[in-house]
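Below is one structure, written out as structure tokens, with a few remarks after it.
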Amino acid sequence: MFIANRRISILTLVYLLVAILVIIQRVLVLQDFGFVYTDQDQIIMWLGTQDYAQGVFHEPRFYGQAYNTMLESLFAIPLYRLGIPLHKALPIATSFMMLFPFFVLSIKSIRNNQKKIAILILCILLLLPLEFEYMTTMSRGFVPGIFISSIMLFFASNKRIINSFLLGFLAVLSFSINPNSLLLSLPILGVVLLNNINHKKTYLLLFLGFIAGLSLHWNINYFYTLNPNYNLHPLSIDFSIDLLNEGLNDLNKFFNHISPFCWSNGWLIILIFMMLGFYHFKRERKKIGVIFMLFPLLMLLPLLTTKVHDGVDSVFFHVSRMFLAVPVVLGFALYLYKNINRIVFFGILVLSIFTFMYKINSLQESISNNINKPHFIEIRKNKDLIKECNQLKELSNRLNLDLIILNRHYYVPAAYGCSICEDDFPQTFIPYNERRTWLMYEYQEKVFNNILINDSRDLEELYGLQSLNMLPNFYYVKENKLKTLQLIDSLNMKCRDFKP
């Protein structure tokens, strides 16, 4: 009895150690990456938190598009109200969403008296590459769908009939938030359906849950049918066998950042799932075994779509963002294990600890390598953005500005973020790519008196505007009499589509 209690206490200590290492790893990544760097889409999430905290909801999805959401902005409100700056509150909220499913699975394993499995589930996070950590600290809508799918885990093993309805509803809701959640929700649904194959009520309640979820999804999207101006960036998805062939020829590009330990041979994650499925199958859990042996096919199906190939070799817009649910599915497969070989357990545990030490030691070099790559979007250090906004604020005070028109891609972060970084900052506007559609309605009738304009063209030579020597490509319009959209049209600036 004494020996058994001692063994349990040792496993408890090991679990706590691994959990602490997971938290330390995330805190260090937040400190050196998540709190330091941002991009134009994350700054829009800052705006979302600010708006939601004031009870202002301009549109149901990510500003300027009929897909994705700003759920992270909603989750960051409590932190924002506590006085935590938005450039920290948002990454913390996103990190919580990503760590949540792993801790849920591990705690459920402990309740099932499977502490070794609980430890290995958390070890997945230690074995994943740092790029996975970077992508899942950024508030860009990559994680919330997976988070909602993970809530299905609470209802997957409970026999209450209402749970089937909730499973169906959450599956559709998570898909509506981000389709990358399907890689998690479908295996969960597969396990539930195969374990209840003779229970007709399960199928009926699942179907009703699907209908309820689809109704919500349809109503959200109907906003953009009624208000097409808000859909600045329409989603277009095509399917092609050629895309699948292209993806199959370079699986590492898609899977390196989501594969534990196999950071240069990410395709091996397929073999890992095949082995897990075979193990379940041999242990007389044939239904579960089939699900995980077939899961690699589910992983490969997204390669048929253009959206999955829409990315670059940058953690800010990487193609593997569509596969971030895969490590959670790996944790789910481990959760369904009954026992684990002692040698395998200790081998993975030791490997995880050494991998953690290696990652922490190479963190700065890794961040530098990833930041120095070309990016699809504008990236800023938060301190540089604050400095940029401070400079514009000083100029604004000197010129008594009412509006700043920023017509170059470089200044997109400032256009969205300066009102957050600086109090009483003048209103800003991005004519060619303004996601805040409500401003288009406001500015079509509004006249601003003193305006600062940034443009790549020489507006002094073309239109006689006063140039500012202290800031290249900035021009000053004093005592303007034109409505804002009329002024933009008079300067032949490219302006986004907008029908009054």
For [X] and [Y], test the side chains for any donor-to-acceptor distance below 3.5 angstrom and give the result as yes or no.
X	Y	answer
Ser139	Thr94	yes
Lys115	Ser109	no
His257	Ser320	no
Ser176	Tyr67	no
Gln364	Asp32	yes
His233	Asn433	yes

Self-check item: Six-ring centre of Tyr410, Arg380 cation under 6.0 angstrom, axis tolerance 45°
Solution: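 Because its charged atom sits under 6.0 Å from the ring centre and within 45° of the axis, Arg380 does stack over Tyr410.
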
Exercise. Flag this pair as yes if the NZ/CZ of Lys393 is under 6.0 angstrom from the six-membered ring centre of Phe425 and inside a 45 degree cone about the axis; otherwise no.
Key: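 No, Lys393 and Phe425 do not form such a contact.
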
Self-check item: Residue pairs fulfilling side chain to side chain donor-acceptor pair (under 3.5 Å) with at least one residue in residues 291-309, sequence neighbours excluded
Solution: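 For residues 291-309, and leaving out neighbouring residues, there are no side chain to side chain donor-acceptor pair (under 3.5 Å) pairs at all.
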
Quiz item: Which residue pairs pass the side chain to side chain donor-acceptor pair (under 3.5 Å) test when at least one of the two sits in residues 34-52, sequence neighbours left out?
Solution: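 Found Asp39-Gln42, Asp39-Arg140, Asp41-Arg140, Asp51-Tyr63.
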
Minimum heavy-atom separation for [X] and [Y], please, with both atom names.
X	Y	result
Leu47	Ser419	CD2-OG, 4.1 Å
Ser352	Leu126	O-CB, 3.9 Å
Ala76	Leu90	CB-CD2, 3.9 Å
Pro327	Phe132	CG-CE1, 3.8 Å
Val29	Leu363	CG2-CD1, 4.2 Å

Backbone N or O of [Y] within a donor-acceptor pair of the [X] side chain at under 3.5 Å?
X	Y	value
Asn178	Asn180	yes
Thr355	Leu127	no
Asn361	Met357	no
His280	Ala333	yes
Arg321	Val143	no
Ser259	Asn256	no
Lys287	Leu194	yes
Ser185	Ala171	no
Gln54	Val56	no
Asn196	Val192	yes

[atom2] on [Y] to [atom1] on [X], rounded to 0.5 Å:
X	Y	atom1	atom2	answer
Leu406	Tyr411	CG	OH	8.0 Å
Leu193	Ile188	CG	CD1	12.0 Å
Leu173	Leu166	CG	CG	11.5 Å
Ser366	Leu130	OG	CG	4.5 Å
Leu186	Met152	CG	CE	8.0 Å
Asn265	Leu251	CG	CG	11.0 Å

Quiz prompt | Over 12 non-hydrogen atoms of neighbours within 6.0 angstrom of CG in Leu235 | solution =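 Yes, because the 6.0 Å sphere around CG of Leu235 holds more than 12 heavy atoms from other groups.
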
Practice problem: Check the pair Tyr416, Thr428 against side chain to side chain donor-acceptor pair (under 3.5 Å), reporting the backbone distance first and the verdict last. | Solution: CA-CA 8 Å; Tyr416 291 130; Thr428 59; over 6 Å; no

Parallel, tilted or perpendicular: ring planes of [X] versus [Y], cut at 30 and 60 degrees:
X	Y	result
Phe316	His375	perpendicular
Phe100	Phe96	tilted
Phe323	Phe254	perpendicular

Contact check, side chains of [X] and [Y], non-hydrogen atoms, under 4.5 Å:
X	Y	result
Glu133	Leu30	no
Ile44	Met70	yes
Leu330	Pro260	yes

Quiz prompt | Audit row: Thr137, Arg26, side chain to side chain contact (heavy atoms under 4.5 Å, CB included) steps and yes/no | solution = CA-CA 8 Å; Thr137 63; Arg26 181 58 59 137; 3.3 Å; yes

Quiz item: For the Cys pair Cys418 and Cys389, is the SG-SG distance shorter than 2.5 Å?
Solution: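 In this structure, Cys418 and Cys389 share a disulfide.
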
Quiz item: Under 4.0 Å between a Lys/Arg side-chain N and an Asp/Glu carboxylate O for Arg61 and Glu59?
Solution: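 Answer for the salt bridge query: no.
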
Practice problem: Please confirm whether Tyr337 and Tyr279 have ring centers closer than 6.0 angstrom. | Solution: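 Between Tyr337 and Tyr279, the centre distance is under 6.0 Å.
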
